[in-house]
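So that we are looking at the same thing, I have put the structure below in structure tokens.
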Amino acid sequence: MQGIGMPESVHTLSPEPVPSDSEVSFASKLISWQKRYGRHDLPWQQTRDPYAVWVSEIMLQQTQVAAVIGYYQRFMQSFPTIASLAMATQDDVMQHWSGLGYYSRARNLHKAAQQVMEVHGGVFPQTLEAIQALPGIGRSTASAIASFAFEAPHPILDGNVKRVFARHFAIEGWPGLPRVEQQMWALAERLQPAQEHGPYAQALMDMGATLCTRSRPRCDACPLQTTCLAYREGRTRELPASKPRKAIPEKSTTMLILLHDNQVMLEKRPGSGIWGGLWSLPEVDSTLDAQQAAVERYGFQTQKLPPFGTLTHVFSHFKLHILPQPLAVEAALTANQTPDIQWLTLEAAVQAGIPAPVRVLLEQLRWQQTALL
DNA sequence: TACGCGTGGAT
DNA sequence: TATCCAAGCGT
């Protein structure tokens, strides 16, 4: 297949349904390699339970394996079945996701479990269309679940696969570009083997994660070395093309640490947006007076406590400078109990579903108080 | 179509 | 330290 990788490669113009000989060996080489050198002992590989596969695939979206393992084990311990997840409170689910990031994944997973109970009678659906119809499951994740749980012949296209394709077939352009992605989906369909769909999907992921890594790929150990165009042309360093980046903006916010009776006040954030559904510290515009804001918003008379240093948290799309302002609540002028406010001891607060930087602040505070005793 | 959405590891 | 980006999806 000579056209692959050229800017106007043939399969974008006239897709060939029949793979060439070299494309057939692509899959079989990968599968053979996977059986011998791939990963087989990850916690979610000990089962074909579609629910377990599903949870793992959602956690692994944009998240590295090492970060997921502990979360996966605790999550499955607490929510071993679709029914148990569907019946859980959102707070309980978010608590298990706290620190893992991309919290819409947790909200969607929870919602989808309830959908499976209502729409599918508690049985995880088996067709690609029905799987992909669940919130939080796109084409690649649906295919991965179908491949691992049901041995179904659907191609995956995640970051690993894109990297392997971009290098092996010398595909130009950033893989996030719709044109490039469309080209890769067509390629993925042609390369899909006739059998061993689970091992093939795992092989692509293992290749991308352990050999065909972003930097310093281990081409010496690669089963595709003899056919890899990037290797042949010495272009593994420049492929795949990287995403064009813009400078990210910086923002500042003041977080109120309202303390009373050895407890701290947490406020539930709106369901969407940054840290949606998590419990967090109240935020005040940094140009405003924190104590005045505490009175106006909550009816609290407060005494300033010694502040501690600014905490900078970097997101993918902006940088946030957090100015913590500890305040001792002396008196509540008005009742302010709502479902979106709770008072917790520091020990309980760090166990709640809170964003990572808030955890850092509360841990610092707890350490300070311990040191004073 | 481009952007919003977290956190941590690697270089 | 700054930057990239990792088993993507929803809007």
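Chain A is the first sequence line, chain B the second, and so forth, proteins listed ahead of strands; every chain is numbered from 1. Computation of the quantities below employed the complete heavy-atom set of this structure, encompassing side-chain atoms and omitting hydrogens, waters and symmetry-equivalent molecules.
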From CG of A:Leu177 across to P of B:dT1 the rounded distance in Å is 10 Å
**Request:** Measure from NZ or CZ of A:Arg74 to the centre of the six-membered ring of A:Tyr72, then state whether that distance is under 6.0 Å and the direction lies within 45° of the axis.
**Result:** no
> Which is true for A:Val161 with a 4.0 Å heavy-atom rule: it touches a base, it touches only sugar-phosphate, or it touches nothing?
Replying inline: nothing
note: A:Glu181, atom CD; B:dA2, atom P; distance rounded to Å ~ 12 Å
Ion pair A:Asp340/A:Arg269, N-O distance below 4.0 Å:
no
C:dC9 and B:dG8: how far apart are their P atoms, nearest whole angstrom? 22 Å
Tell me what A:Trp44 touches on the nucleic acid: a base, only sugar-phosphate, or nothing, going by heavy atoms under 4.0 Å. base
From NZ of A:Lys162 across to C1' of C:dC9 the rounded distance in Å is 11 Å
**Prompt:** With a non-hydrogen cut-off below 4.0 angstrom, is A:Ser242 in contact with a base, only sugar-phosphate, or nothing?
**Reply:** sugar-phosphate
Pairwise N/O distances under 3.5 Å, protein to nucleotides 7-11 of chain B:
residue, atom, partner, partner atom, Å
B:dT7, OP1, A:Tyr103, OH, 2.7
B:dT7, OP1, A:Ala356, N, 2.8
B:dT7, OP2, A:Trp275, NE1, 3.2
B:dT7, OP2, A:His313, NE2, 3.0
B:dT7, O3', A:Gly99, O, 3.4

* **Euclidean distance for P, B:dC3 against C:dC4 (whole angstrom)** => 15 Å
When rounded to whole Å, the CG to C1' distance for the pair A:Asn108 and C:dG8 reads 12 Å
note: A:Ile69, atom CD1; C:dA6, atom C1'; distance rounded to Å ~ 14 Å
Check: Do A:Glu196 and A:Lys35 meet the salt-bridge criterion of a basic N to acidic O distance under 4.0 Å?
Finding: yes
Exercise. For A:Thr253 and A:Glu283, does a side-chain donor sit closer than 3.5 Å to a side-chain acceptor?
Worked result: yes
Result for 5'-nearest mapping on DNA chain B, choosing between A:Pro178 and A:Ser104, is A:Pro178
Testing B:dC5, B:dT1, C:dC5 for proximity to the side chain of A:Ile274, the answer is B:dC5
Here the distance between atom C1' of C:dC5 and atom CG of A:Leu60, to the nearest Å, is 15 Å
Would you call the rings of A:Phe75 and A:Trp97 parallel, tilted or perpendicular, taking 30° and 60° as the class edges? perpendicular
Atom CG of A:Asp158 and atom C1' of C:dA6 are separated, to the nearest Å, by 10 Å
Between NZ of A:Lys319 and C1' of B:dG6 the distance, given in whole Å, is 16 Å
Requested in this report: Select base, sugar-phosphate, or nothing to describe what A:Arg39 touches, counting heavy atoms under 4.0 Å on all strands.
Outcome: base
Is it true that A:Glu172 and A:Arg235 have a side-chain N and a carboxylate O under 4.0 angstrom from each other?
yes
task: Examine A:Arg139 relative to A:Trp185 and say whether NZ or CZ is less than 6.0 Å from the centre of the six-membered ring and inside a 45° cone about the ring axis.
output: yes
Note: for A:Lys111 and A:Trp174 on DNA chain C, the residue whose nearest nucleotide lies more 5' is A:Trp174
